[in-house]
Amino acid sequence: MAFGHQREDSRLILLREISQEGRIPRIDLAERTGISRATVTTITADLLRDGLIEEIPREDGAAGTRGRPRVDLKIAGAAHLVAGVKVSGSRISLVLMDFEGSQLAEHEVPLGAGRHSPEALAGYISDAVAALAAKIGTETAQISGVGVGLAGTIDAGAGAVHWSPSLNARNVDFAAMLTERMGVPTYLDNDANLVAMAEKTFGLGRGRSDFIVVTIEAGVGMGIILGGEIYRGTRGCGAEFGHTKVQLEGALCRCGQRGCLEAYVAEYALLREADTALGPDTSLSGQIARLLGAAEAGDPTAASIVSRAGRMFAMGLANIVNIFDPELIILAGEQMQFDYLYADEVIAEMRKSIVQVDAAPPEVVIHKWGNLMWARGAAAYALEFVQERAAREGRVDAA
């Protein structure tokens, strides 16, 4: 039994190494993983037989012993399909990827404002996944796994939502509900964690083992990558950066508590302040733009609101640095279209508040992208589980 588990582990290690490298010869697999050449040869033969990888000619055209052409190994893209779903306040964004991680289709559907019952949201997601699959002429049943990113406090291991601004109920076994609804294994996580997964797999964090992603949209989130893995905490509710406290008995947060960072810098917080200072407006982005424009034009109330948001955000970033001392902080999300949270004075304020040592402070970079990148992170998350199943179960038709 122990040997069987060891073999499954080696299959997964090799499968993920091939996936990470794109294409790689067997000899390099042995060197990179520490698995013996004989074992690499045996296991890759099994992976080829199972249809999970394939051989392709070396790009340099070199020949091996006895004139046989050298080959590289790569993931067989057609082996599995995975879908990624990002649920935001106004829409559901989806991508469909193959087993190699190549994007095959994308889809977005509007989502009514406000909170939804778990059953209703599960139905919306299920319908959207079916529409996504139809774009390449297939159906949901042909998808091997679905990753879903949702704002809120999520226990990824249990697939449970303790609280989310998208749901009108707490402590919901939402992954199980989605799995039953779609008939496909579904994997749930906090959406900011899946942004970190996207950055690790496709983005600015690729090749880095330790970095932090801060997202600013309807709320404020954080994804932490330590040792190449997402850190979630023991209860699945770690990295709730938006709900760290920056003001005792301060502004009301949508989580129900007061003084959260999010209550000063998130979209709804600025909208609340802008409505008070400028009067109501029907457009969220337009209202925030009005607020920022008024601040730049010298309106004292607007300037005070924007300045306070920047100071609060700088305080929060400084706290991250003082706790984790990361190599890199990535600021991501649609709210990056406005620079009030990453203006030079905000970053300077952060640097003044961190522990001073004789070394450069962490690099802070901006990555502006929309919901489809979040969905790609959700798909990459699902892909990890599908790889595990494939390593355990063998042939493609066993999945």
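All heavy atoms count here, side chains included; hydrogens, waters and symmetry mates do not. Quantities reported herein were computed from a predicted structural model and do not represent experimental measurements.
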### Summary
Between Ser164 and Val161 the two heavy atoms that sit nearest each other are CB-CG1, 3.6 Å
If we only count heavy atoms from C-beta on, is the [X] to [Y] side-chain gap below 4.5 Å?
X      : Y      : answer
Glu199 : Arg208 : no
Val365 : Phe211 : no
Arg11  : Leu52  : yes
Pro25  : Arg70  : no
Leu331 : Leu317 : yes
Met222 : Ile212 : yes

### Message
Parallel, tilted or perpendicular, judged at 30° and 60°: which one describes the rings of His243 and Trp163?
### Response
perpendicular
### Carboxylate-amine/guanidinium contact Glu388 Arg16, below 4.0 Å
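Counted as a salt bridge, because a side-chain N and a carboxylate O are separated by less than 4.0 Å.
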For the side chain of [X] and the backbone of [Y], is there at least one donor-acceptor N/O pair under 3.5 Å apart?
X      : Y      : answer
Ser304 : Pro300 : no
Asn322 : Val355 : yes
Thr179 : Thr186 : yes

### Query
Going through the checks in order, is the side-chain hydrogen bond (donor to acceptor under 3.5 Å, both in side chains) test met by Ser307 and Arg311?
CA-CA 6 Å; Ser307 175; Arg311 293 196 310 274; 2.8 Å; yes
#### Entry: Verdict with reasoning, Glu262 to Arg254, per salt bridge (charged side-chain N to carboxylate O under 4.0 Å, His left out)
CA-CA 9 Å; Glu262 184 175 292; Arg254 64 180 177 173; 2.8 Å; yes
